[in-house]
Amino acid sequence: MNVPDKPSLDGLEAKWGEWWEATGTYRFDRSKPRQEVYAIDTPPPTASGSLHVGHVMSYTHTDLVARYQRMRGLEVFYPMGWDDNGLPTERRVQNYFGVRCDPSLPYDPSFDLTTLERPDEAEPVPVSRGNFIELCERLTVEDEKAFEDCFRQVGLSVDWTHTYTTIDERSRRASQRSFLRLLLRGLAYKVEAPTMWDVDFQTAVAQAEIEDREVAGTYHRVRFDLADGSGSVEIETSRPELIPACVALVVNPGDERFRGLIGRSAVTPLFGAEVPIVAHELADPEKGTGVAMICTFGDITDVTWWRELRLPARVVVGRDGSIAPARWGEPGWDARDADAARRAHDELAGLPTKRARKRIAELLAGSGHLRGEPQPVRHVVKFYERGERPLEVVSSRQWFVKTIEFREQLLERGRQIRWHPEHMGARYASWVEGLNGDWCISRQRFFGVPFPVWYRLDEHGVPDHDHPLVPNEERLPVDPSSDVPDGYAPEHRGQPGGFAGDPDIMDTWATSSLTPQIAGGWEEDPDLFPRVFPMDLRPQAHEIIRTWLFYTVLKAHLEHDSLPWMNAAISGFVMDPERKKMSKSKGNVVTPVEMFERHSADAVRYWAGSARLGVDATFDEQQMKVGRRLAIKILNASRFALTMEAQEGPVAEPVDRAMLAGLRTSVEQATAAFEDYDHARALEVAERFFWDFCDDYLELVKQRAYGAHGPEKAASAVSSLRLALGVQLRLLAPFLPFVTEEVWSWWRSGSIHRAAWPKPDELNPHVAGDAAVYRVAAEVLTAVRKAKAMAKVSLRTPAELVTVHDSVERLRALSEAEADLKEAGGIVKLETVEAEALAVETILATP
RNA sequence: GGGCGCUUAGCUCAGCGGUAAGAGCGCUGCCCUUACAAGGCAGAGGACCGGGGUUCGAAUCCCUGAGCGCCCACCA
């Protein structure tokens, strides 16, 4: 027994953090079979920028589960990854080093930034993708170190020997292997098709990365004359600049107003193209005039119409987001008045769509086709989540992974997952039900995992996209911009009859969707993988259910025909006191380090632990102060329980046995709560018991424990105190790992975090039948204190006579605690009267 | 437009069919009591969002309305 005189929280984080590391407390024992393992698919945080309280909360939630499961006796596989693959890192590296990635350059092994010739400082230096990746890796190392420090400080019980980054070699290999296997099975394919395109980032994006934003727009009512000169129809559009791309008008087949128009033709204003008037269910009679123009391509609906109605394409918006030059003479490009059409197009060509919109409105007004004044409106437009300009639909050649045909199976996978909280499953289902196309996984960016394919070039140097050259899996990872396909030499690159590497990289989620496989050593560590996969738990935020969670389910379904994990625990956001989501861009973040310093890591964890899964939590330093008080209380109460001089002995006193009976109930409840992934409830139960234990039990038995009634009764108290303490420390250990470890170290060997989670049965030999003894005594004690508080006297003031009115059974229970109660309450004489309910009269000694 | 969640004391939240509605914080008062003054003890404070219904009994179940938040949806 080694109890300090003045226990303190100071320095506990460093002391135990180092000890856990040195002794390998959280090291994964890979000799354990799957059924004895609890595996966690830790979210790899984005490694650019810094961690904030939201991370601290959600990662603590995961750690609570990890610690609970470890104490339950399972071997916890708790790796950590860093997500450094993707656009955020790319942009940071460009600015930081003043470079620009040119994927056409070969890797330069002797590349050295410090000796680089830089004639113009303002001009970014082009570097190969391989060199660019090295720079990215260099920069992210620092972020990752800072993140690790923060996570260690908050006490995550991660096994730090199991780490990965999403751009490291293993991740690249896993991503490419996964892709190649999908390709060989026909589940990945490359096709030229209209896709959502960000005109600033110059890349295709997937449905999952698109968000709606409400922006200002303008409705223009435009007249289209019928081709046979028999009249006209009007349409309403917010994008008149797409009139040159109009290939048809569409009405709802059931719309009586326009039934006579179907099958006839109209002429586009200004451009004089003759376009059919067609019918389609998606045309909404309620919107606009009930007649819509179909353009190639204004939005996804246009794509649907174009595809289903087999319309020709006349694309006018270029990849840079401006009106492209006309292509007169090509199929689809004709006009009744060719000169007028040319003049109109010349007015618009080269203009960004927004300016082209204004210009064409003027032209339409001039030609008399614009009806009435344009009406300003607020409407919803699709944006790339990181983008600043609306997405355009452009036709380009992209890689896709088949998704739609698995919709039903993926919905079924969603039903197999145990969601915490349960209703989060609805978000997954609604996303899967709303999918409108396969997963576009190619990006026209640089920092990411390249597609491990090359294309043969024919005698004219034109690539054969339909028959890609692929490497054997043993060669992975490859970089097709510097590596050469089998059977070719480097000098064949780009030559007619030679080869060209695929220039694109994969969507960052194509890698992140493999985190269980990457962390688990899929195809790399055949001993480890079956011990951890499929995993037990995926913890994450709800905003990325449609990306990270969905894609991970998809990949596991396609590759392993299984779920990637059984449970999904969804944490909420952290809101600032004004109920706004805390985020860096809002400038309302508090750094975690500040909080650790002000309140201690245990205190911060207490706040995090009291927030339930799936519920947005309010950032509340007050709550951290409460956590700190709890931690200090644990130190002091433990000191009291452990420094009694009396010997331990049999637990015989009714009050002691009753208290332990109550503790047994708390153990049952806390355990049930943790089994249900309700950590907040488990904390509440343990904490409730602990405070009552301190306020009432400690006070009731204090004098007896000091020996006021002899060694045997003291022994019963001391044993009970220590028994209860040992159980309660373990109940609280997941939440307050530092302070509980500190106290554990005073009188036990080994780490509390490897000790067994308390079982109700542990307490059975010491538990009496009547838990009411403790409860009634505590209630009477409170009543006596109240009388003293009301009389504004010290609690030490003796109570000459206390009369307790209560039921027979409760009075009998009370009699068992009489001696302790009199001692704790300073009661000289205790009398009892039978009554319906509890009432206590207290006569205090006159001063 | 569809879906999900939330609405309980000044604040943050439990409770989700059964004794007079709970906790913590904050507030007020008292107390240096030998585990703890970075403390302890006690007190005040509530039409359980509104309206219907089911029930012996509803904050809790059903219907309906309102507000807030989030997710999804084809930019006419």
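Labels below follow one simple rule: chain letters A, B, ... track the order of the sequence lines, proteins then strands, and each chain is numbered from 1.
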Which nucleotide wins on minimum distance to the side chain of [X], given the candidates [options]?
X: A:Arg688; options: B:G40, B:A38, B:A23; result: B:A23
X: A:Asp616; options: B:G69, B:C74, B:G29; result: B:G69
X: A:His542; options: B:U33, B:C70, B:C75; result: B:C70
X: A:His423; options: B:C70, B:C75, B:G5; result: B:G5
X: A:Asn436; options: B:C74, B:A42, B:C75; result: B:C74
X: A:Asp620; options: B:U12, B:C4, B:A42; result: B:U12
X: A:Met790; options: B:C41, B:G43, B:C71; result: B:G43
X: A:Ser430; options: B:G40, B:C72, B:C4; result: B:C72
X: A:Trp431; options: B:C72, B:A38, B:U33; result: B:C72
X: A:Asp212; options: B:U33, B:A73, B:C13; result: B:A73

Separation of [X] atom [atom1] from [N] atom [atom2], in whole Å?
X: A:Leu795; N: B:G29; atom1: CG; atom2: C1'; value: 13 Å
X: A:Glu621; N: B:G26; atom1: CD; atom2: P; value: 13 Å
X: A:Phe640; N: B:G40; atom1: CZ; atom2: C1'; value: 14 Å
X: A:Phe619; N: B:C25; atom1: CZ; atom2: C1'; value: 15 Å
X: A:Leu844; N: B:C31; atom1: CG; atom2: P; value: 14 Å
X: A:Trp691; N: B:A23; atom1: CH2; atom2: P; value: 15 Å
X: A:Arg628; N: B:C36; atom1: CZ; atom2: P; value: 17 Å
X: A:Ile632; N: B:G40; atom1: CD1; atom2: P; value: 10 Å

Should the ring pair A:Tyr697 and A:Phe693 be called parallel, tilted or perpendicular, given that the plane angle runs from 0 to 90° and is split at 30 and 60?
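Rings of A:Tyr697 and A:Phe693: parallel, under 30°.
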
Using 30° and 60° as the class limits, which term best fits the ring planes of A:His280 and A:Trp305: parallel, tilted or perpendicular?
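The arrangement is perpendicular - the two ring planes meet at more than 60°.
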
Is any side-chain N or O of [X] closer than 4.0 Å to OP1 or OP2 of [N]?
X: A:Asn636; N: B:G39; answer: no
X: A:Gln622; N: B:G26; answer: yes
X: A:Arg796; N: B:U33; answer: yes
X: A:Thr618; N: B:C13; answer: yes
X: A:Ser794; N: B:C30; answer: no
X: A:Lys287; N: B:C75; answer: yes
X: A:Gln207; N: B:A73; answer: yes
X: A:Lys788; N: B:C30; answer: no
X: A:Arg546; N: B:C72; answer: yes

Considering only atom [atom1], compute the distance from [N] to [M] and round it to an integer number of Å.
N: B:A58; M: B:G53; atom1: C1'; value: 11 Å
N: B:G57; M: B:U19; atom1: C1'; value: 11 Å
N: B:C31; M: B:C11; atom1: C1'; value: 27 Å
N: B:U64; M: B:U60; atom1: P; value: 16 Å
N: B:A21; M: B:C6; atom1: P; value: 23 Å
N: B:U33; M: B:G45; atom1: P; value: 31 Å
N: B:A59; M: B:A14; atom1: C1'; value: 12 Å
N: B:C72; M: B:A9; atom1: C1'; value: 37 Å

Between A:Leu411 and A:Arg415, is the side-chain contact (heavy atoms from CB on, under 4.5 Å) condition met? List the steps.
CA-CA 6 Å; A:Leu411 284 168; A:Arg415 288 187 286 269; 4.0 Å; yes

For a quick check of understanding: with a heavy-atom distance under 4.0 Å over all strands, which category does [X] fall into, base, sugar-phosphate or nothing?
X: A:Lys702; result: base
X: A:Ile570; result: nothing
X: A:Leu9; result: nothing
X: A:Ala283; result: base
X: A:Lys786; result: sugar-phosphate
X: A:Leu282; result: base

A:Glu234 vs A:Arg223, salt bridge (Lys or Arg N to Asp or Glu O under 4.0 Å): CA-CA, chis, key distance, verdict
CA-CA 4 Å; A:Glu234 291 179 359; A:Arg223 193 190 82 226; over 6 Å; no

Decide if atom CD of A:Glu422 counts as having more than 12 heavy atoms of other residues, nucleotides or ligands within a radius under 6.0 Å.
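Result for CD/A:Glu422: open.
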
Tell me whether A:Arg598 at atom CZ has more than 12 heavy atoms from other residues, nucleotides or ligands lying less than 6.0 Å away.
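Yes.
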
Mapping A:Met424 and A:Arg629 onto RNA chain B by nearest heavy atom, which one lands closer to the 5' end?
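Between the two, 5'-proximity favours A:Met424.
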
For A:Glu699 and A:Gln623, find the nucleotide of RNA chain B closest to each by heavy atoms; which residue's nucleotide sits nearer the 5' end?
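With A:Glu699 and A:Gln623 compared, the 5'-side residue is A:Gln623.
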
Quickly, which of A:Thr195, A:Asp198, A:Val317 forms a side-chain contact (heavy atoms from CB on, under 4.5 Å) with A:Glu392? Name it, please.
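Only one of A:Thr195, A:Asp198, A:Val317 forms a side-chain contact (heavy atoms from CB on, under 4.5 Å) with A:Glu392, namely A:Val317.
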
Any donor-acceptor N/O pair under 3.5 Å between B:C75 base and A:Lys382 side chain
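Such a pair does not exist between side chain and base.
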
Below 6.0 angstrom between ring centroids: does that apply to A:Phe573 and A:His542?
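Distance test on ring centres: under 6.0 Å, yes.
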
Under a 3.5 Å distance rule, please check whether A:Tyr428 uses its side chain to pair with a backbone N or O of A:Leu410 as donor and acceptor.
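Flag set: sc A:Tyr428 to bb A:Leu410 pair under 3.5 Å.
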
Go through A:Arg213 and A:Val380 one step at a time and tell me if the side-chain contact (heavy atoms from CB on, under 4.5 Å) criterion holds.
CA-CA 5 Å; A:Arg213 291 185 205 160; A:Val380 171; over 6 Å; no

Watson-Crick or G-U stems involving RNA chain B, each at least 3 pairs long, distances under 3.5 Å, ordered by first number
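So the stems come out as B:1-7 with B:66-72, B:10-13 with B:22-25, B:27-31 with B:39-43, B:49-53 with B:61-65.
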
Take A:Arg546 and A:Glu209 through the test salt bridge (Lys or Arg N to Asp or Glu O under 4.0 Å) and record every step on the way to the result.
CA-CA 9 Å; A:Arg546 68 179 187 174; A:Glu209 296 159 287; over 6 Å; no

